[in-house]
Structures are given as structure tokens and as C-alpha cells.
Amino acid sequence: MSTPALLTMLLAQGTVTFFTIYFLIKVLRSPTPSEETENP
Amino acid sequence: MSNNQESWGSRLGLILAMAGNAVGLGNFLRFPVQAIQNGGGAFIIPYLVCFLLMGIPLLWVEWATGRFGGKKGNHSTPFILHELDPGRAIWKYIGVFGIFTNIAVAAYYCYLESWTLNYVWMFIQGSFNGMGQEGVADYFGSYISLSGSSTAIYFWLLCLFLNTYILSRGLSGGVEKAAKVGMPMLLLFGLFLAYKGITLKGGEFGAILDGTVGLNYLWTPNFDTIWNTKVWLAAAGQIFFTLSVGMGSIQCYAAYVRSKQDIALNAMSAGWMNEFVEVVLGSSILIPIAIGYLGVDRVVELTQSGGLGLGFKTLPYLFTQWGPLMGAVAGICWFGLLFFAGITSSLAMGTPVMAFLRDEFGWKRGPSAWTFGLIILILGAPTVFFFNEGVFDEYDYWAGTVSLVVFAFFEVILFAWVFGMDRGWKEINEGADMRIPVFFRWVIQYVTPVILLAVLLASIPDILSKIQNPGNVYIVGARLLLLTLYAGIGYAVYVAYRRRVTNGGKAIHNK
């Protein structure tokens, strides 16, 4: 692969993978809300 | 007594269902083709900018309006939008888009989904082995033209049944369970095929080039293209399709979120999960494998009409080159992942329709699911029987393209300018498990509406040209059918509103 293609791919896929994992971990670490706040 | 007491079983289930709603066949078939047609690697710049300035804001707006409507017992867009501005009658009729689009898209999408199921079956049976490239392409042609066989109809009916049955099991017992199985399977199949695509070696199993040649072609940036307006419109369009915004299904799912539960982080997690599937997996399968076997010029030629042909006519033959066992595994994985991508989206299309019937007319879960199935059967039949006459594409254009932009534009105006950005921002941030940058408040209020207006205005010449040149009588018929559908839902909303007036402004299920 050419350097520009490789850099673009790594940058794009790296950014997307980072944010996907970052937000997923944040969700898994967040506390579960109470059952009293059920929507009707 | 309430007849619509559905809720999500778990937070992860909700996120997987929302991500499943967004992840569709377009992630694997549309995105890579859009990228190679719009500047290769440089396409990712307008694409991510549109995701940041239009996609993420719309996700928050739709999640917030959904949860807000849910607090008042509304789970479909006509009355969710009405709740944001109860003084004006117009919003509930604009909210009709949120039911219309889901029905019309599901009508042709279930047929597309059924193709993937048939191809999985073909690979299990080993039917493609020894068929040759032309034989595989011809199979697709005869399959969709229904010539000499009713297989396409049986698989379509099976797919409709599967969707309806899962919907009839409810939100946590059906949709959420399907997402919890479908999404991990999709990721697993996708990772396996991406690995096969990237490590494809020229000279082995009939491949003429390495998989990295295809990756190189897809990701080589042509920066001149980012000054081209058409490339930005293509990027904005891709963000729309991939996130399933402007459909009304996100609002419906979010309406079942608990009133103080986070939506900001959930929306981010589901949205970025979709981006992972599209940018990482979607770019590593179709194009690297196709170029590895056919070369750049042939693939560019084949993708002129989109990625559907490449995915269904060409890839099955290429998989058979990997031997009977590996070919079958790859084929099952490819069409299996497309099936899971499809069904998790079509289930999301059924939910708003069921929610409307249950909220406004007090229907039970089962009858409302089977009614949805019947509507899809009736409305989908022309796309099956008159596919080659352009009915399928016509549904896709009006319901799956134009309606999304129109609805998204009006909903963001309603949220930011009528409901008001102060209340809107408070609603998005209520119960948030993340700090949202204030920058997005201004983006939602000013930037997103301007981008949507630009996309809408840019589409007008194409819309006018389509109206003036319908093509054939089947297309005119399809348009009349879609117009009748919109009018019919509009009338149902009117009837529901009259019933609410006699019920003290509340939905029937809240009586």
C-alpha cells in the first residue's frame, strides 16, 4: 500500500475504533438507572 | 389502563438494538462504493465532518424528542412531534413521515433481506460450486425476475414471517433478543471476512492481486475532490442512510427509554458502533476481495450502478474460488452478516407502526405486529413482482431518500426553534452520563438546519426531473401507492387526534 493510503486508512479506522471502544467502555462503567423512572 | 407498557430489558440491549437499526446493508455495499466514487480516502473528510455536524446532532435530537414523547406516553412521531408544540396541528401531520417512511422502506427492504437468506441457503447446499461467474450472475438475474421459479417469493414470505414473529414477541422479548444475537454475529462474520479480504494473496486460489491493492485503491486520497459540492452531498447522503436518521425509528426506540435514563452517551455509543462497522469492516471486505480477483478497472466498471450487483452477482462466485468448504463458510458469513444487518433494521421499522396502533387504538402487541406484516405484504408485492420495471428503486428514492431529508429538516427546526434550544439542550443533557460540548448546542441550532436545507435544495432539480419523467406506468402506480399510504396514515392520525380530544388529550392506552 502507498504511504498516503495507509496513513489515511489508519487515521480513519483508528479514530473510529478509538471512539467506538471509548464510548462503549463509558457505557459499561456507568451506573444502571433506577426502575422508578419508567416511561409510561 | 395502559396497553403499551413495553420497555428495554437492559442498556446494552438498547444500544445494540439502536446500532442494529443503523447498521444495514448499506454499510457493506454502499459505503465502499461511495468512497471509491468520491475521492477514495479523501471522502472520509467530508464524511466525518457531516457525521460531526449533522449525524451526531440529529442522533441527539431524535433520542431527546423520543424520550420526551415517551414521558407523555407517545411512542410514534405524529404525537411525539405534536407534544413538542401542542398548539399547532401541522406537526402531527409532518410526523406522519415517521410512520410512512418505515412502512414504505420495510416494504422493499424485507425483499432485499430475503435475497440474503436465499443466498445463505444456496451456500449451505453448495449450489454455487462449479457454476462459473456468468452462472452466478445469471442466477441473480433469474431470481429477481421470478423466471421459472417462485423461490424468491417463498424466501420473501419467510422473511416477512420472521420479522412479524419477532415483532410480535415485543421489545425486550423480540427486538432486543434479536439484536443481542444478530449484532455480535454480524461483528464476528465481518471481522472474519475483513481478515480474509486484507490477507488475500495474488496468485492463490485464482486471485490476481493482493487484497491490499483494493485497500490501496479505496484509501488513496484524492484531495482535489473535497472542493467538489457533489462529494459533500454524497457524504451527507451516506451519513443519512447509515445512521437511519430522519426515519422515526430512533424516536420510537428512545420513547421506551426510562424518563431519567441517559440518552447522550447511549446515542454516541450506538452511533460510533455503526461507524466502526461501516468504516472499518465495510471498507475491508467488498472492494479488496473484488479487486483481488477482477482488478481495479473491472471493479470500477461494476460499481457504476452501485454495490448491489457486486455483492450479489460477483462475490458469491469469488468465494467459490476458495474451495468448497472455505467458500461455503465465507458465503454464509457474507450473506449471514447482510441478513443480520438487514433484519435488525427492518425490526426497527416495524416498531413505530406497532407503537402507533397500540398508543392510539389500544391494540395488543400480536395483532399490531401481524397488521404491520400484512401491510408490508400488500405494499411490498409490487416491488417483488415488478422489480425490473423500477418499482423497487422508486420506493427507495421517495421513501428511503427524499422523505428522510424532508423529515429531518422539519424535526430539527421544530426541536431547535419551536420547542426552543434552551429546553432542547436541557432535554438532551437530562440524566446524561457524559458531558456534551456546548459547541453542539450551536451546531444543532444553526449548522445542522443549514446543512439539511442545502441537501434538500440540492435535491430539488433531481426531484423535479423524476416527477416530469416517470418512465413507465408501474412507476406512476408506485407513486400513487406511496401517496395513498401517506394520506391513509394522515387520516389515521386525524382519527387518533379526534379520539384524544374526547379522551382529555391523552392516548387511548393512557385512559
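The chains referred to below are lettered A, B, ... by the order of the sequence lines, with proteins before strands, and numbering in each begins at 1. In what follows, every heavy atom counts, from backbone to side chain, and hydrogens, waters and symmetry copies are set aside.
Between A:T8 and B:P221, the shortest heavy-atom distance links the atoms OG1-CG, 3.4 Å. Looking at every heavy atom in both residues, A:M1 comes nearest to B:T212 through CG-O, 3.5 Å.
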Inset, instruction - Quick one: do A:Y22 and B:M268 satisfy side chain to side chain contact (heavy atoms under 4.5 Å, CB included)? Show the steps, please. - result: CA-CA 10 Å; A:Y22 172 77; B:M268 281 299 87; over 6 Å; no
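Looking only at heavy-atom pairs under 4.5 Å with chain B, the residue among A:A5, A:P4, A:S2 that has the most is A:A5. In terms of non-hydrogen atom pairs under 4.5 Å with chain A, the most contact-rich of B:L265, B:T220, B:I44, B:V213 is B:L265. Counting heavy-atom pairs under 4.5 Å between each of B:I45, B:V279, B:D433 and chain A puts B:V279 at the top.
Residues in residues 11-21 of chain A take part in these side chain to side chain donor-acceptor pair (under 3.5 Å) pairs, two or more places apart or across chains: A:Q13-B:S283.
Contacts between B:L12 and chain A at a heavy-atom distance below 4.5 Å involve the side chain alone, from C-beta outward. B:I15 touches chain A through its side chain: at least one heavy atom from C-beta onward sits under 4.5 Å away, while N, CA, C and O do not. There is no contact between A:L6 and chain B, counting heavy-atom distances below 4.5 Å. Contact annotation for B:L215: both backbone and side-chain heavy atoms come within less than 4.5 Å of a heavy atom of chain A.
B:N266 pairs by the side-chain hydrogen bond (donor to acceptor under 3.5 Å, both in side chains) definition with B:R11, not counting sequence neighbours.
In this structure, CG on A:L24 lies 14.0 Å from CH2 on B:W272, to the nearest 0.5 angstrom.
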